[in-house]
Peer 1: 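Here it is, the structure in full.
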Amino acid sequence: MTRTFFVGGNWKCNSTVKSITELCASWKESTDNGAKYSGKPVEIVIAPPSIYAQTAKDALPANFQVSLQDCYSSTGAFTGEIAADMIVDMGIPWVITGHSERRTIFKETDEVVATKTAYAISKGLSVIACIGELLEEREAGKTLEVNERQLSAIAATVTDWSKVVIAYEPVWAIGTGKVATPEQAQEVHAALRAWLSTNVNPEVAESTRIIYGGSVKPANANELAGQADIDGFLVGGASLKPDFISVIDSYA
Ligand SMILES: O=C(COP(=O)(O)O)NO
């Protein structure tokens with residue numbers, strides 16, 4: 001089967017109303033003026049800071065969807081949190097869970113990520129579920145062990161795989177400019193797909209998008225996109241720039 005190419009942009013804790021308005025206007029101009037991807041089957045999802053979700057939703061090109069960058073797994077007395085229920089209520093279809101910055105800075109465990117992922121799906125959201133190893137884990141030869149452990153925790157709670165995109169984001173490549181080589185990324189993506197085939201089922205393995213994140217730029221996107229098991233990207237820094245469109249065009 002053909003997996004629809006997926007390009008996510010994670011703006012993290014960046015942007016202003018002005019910068020969002022200007023950036024989205026530049027993307028609209030590129031899209032209207034014949035970007036290579038125009039008319040091609042690609043799913044594009046932008047994750048602004050939560051406070052700017054509606055600003056982004058109003059400013060983005062019509063074919064761009066909006067995601068939040070995290071969610072909580074309940075409504076109620078949880079000051080500061082945003083429940084998945086509220087994301088749905090606001091008409092936002094996506095949420096990111098398990099980003100490495102949630103795991104390392106905010107101490108989210110595999111179990112917390114799994115609970116959030118399951119709750120978000122149960123409320124009708126689609127989820128970009130993130131996994132990835134630390135540099136020291138890779139250097140210790142534990143790359144596949146770590147990623148399969150993190151995937152296993154998520155998989156244990158997923159009730160609808162059609163709602164899941166898996167984002168492999170090696171932590172040592174995030175924000176560092178040290179992008180994984182196509183071979184490094186393909187090796188892990190293929191292993192994750194094999195894990196899904198064995199531990200969930202072959203149909204899920206074949207249909208689930210596994211996307212790469214970690215210093216993706218227009219200059220390296222094409223080679224990565226050409227790998228058999230890389231179904232797209234989750235882009236940080238480069239998704240805050242006008243030439244993010246070139247990353248989307250990388251598969252076209
Ligand atoms: O965290 C990332 C990747 O960030 P960069 O592209 O800036 O490495 N995606 O969620």
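All ligand and atom numbering here is 1-based and tracks the order in the structure. Heavy-atom basis, side chains included; hydrogens, waters and symmetry copies ignored. Residue indices begin at 1 and follow the sequence shown.
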Peer 1: Charged N to carboxylate O under 4.0 angstrom, R193 versus E206?
Peer 2: no
Peer 1: Find all atoms of ligand 1 within a distance of less than 4.0 Å from any non-hydrogen atom belonging to A173, and give their numbers and elements.
Peer 2: 8 (O)
Peer 1: Hey, is ligand 1 close enough to G175 that some N/O pair sits below 3.5 Å?
Peer 2: yes
Peer 1: Can you confirm whether E29 is buried at CD, in the sense that more than 12 heavy atoms of other residues, nucleotides or ligands lie under 6.0 Å from that atom?
Peer 2: no
Peer 1: Under 4.0 Å from a heavy atom of E169: which atoms of ligand 1 are those, numbered in the order shown and with their elements?
Peer 2: 1 (O), 2 (C), 3 (C), 9 (N), 10 (O)
Peer 1: For atom 6 (O) of ligand 1, what's the nearest protein heavy atom and its distance?
Peer 2: G236 N, 2.8 Å
Peer 1: With heavy atoms only and a cut-off of under 4.0 Å, state how L234 meets ligand 1: side chain, backbone, both or neither.
Peer 2: both
Peer 1: Which of the numbered atoms in ligand 1 are under 4.0 angstrom from any heavy atom belonging to G214?
Peer 2: 3 (C), 8 (O)
Peer 1: Nearest 0.5 angstrom please: L234 CG to I211 CD1, how far?
Peer 2: 5.0 Å
Peer 1: Between E169 and H99, does a side chain to side chain donor-acceptor pair (under 3.5 Å) hold up when you go through it step by step?
Peer 2: CA-CA 8 Å; E169 297 201 304; H99 191 278; 3.2 Å; yes
Peer 1: Using a 4.0 Å cut-off to any heavy atom of H99, which atoms of ligand 1 qualify?
Peer 2: 1 (O), 2 (C), 9 (N), 10 (O)
Peer 1: After noting the C-alpha distance and the side-chain angles of D70 and K116, does the key distance pass the side-chain contact (heavy atoms from CB on, under 4.5 Å) rule?
Peer 2: CA-CA 8 Å; D70 183 36; K116 287 185 172 184; 3.0 Å; yes
Peer 1: I'd like to know whether the aromatic ring centres of F6 and Y212 sit less than 6.0 Å apart in this structure.
Peer 2: no
Peer 1: If you measure from CD1 on I44 to CZ on F244, what distance do you get to the nearest 0.5 Å?
Peer 2: 7.0 Å
Peer 1: Any nitrogen or oxygen of T176 lying under 3.5 Å from a nitrogen or oxygen in ligand 1? Just yes or no.
Peer 2: no
Peer 1: Using a 4.0 Å cutoff against the non-hydrogen atoms of G237, which atoms of ligand 1 qualify?
Peer 2: 5 (P), 6 (O), 7 (O)
Peer 1: Using a strict 4.0 Å cut-off to heavy atoms of K12, name the atoms of ligand 1 that fall inside it.
Peer 2: 1 (O), 2 (C), 4 (O)
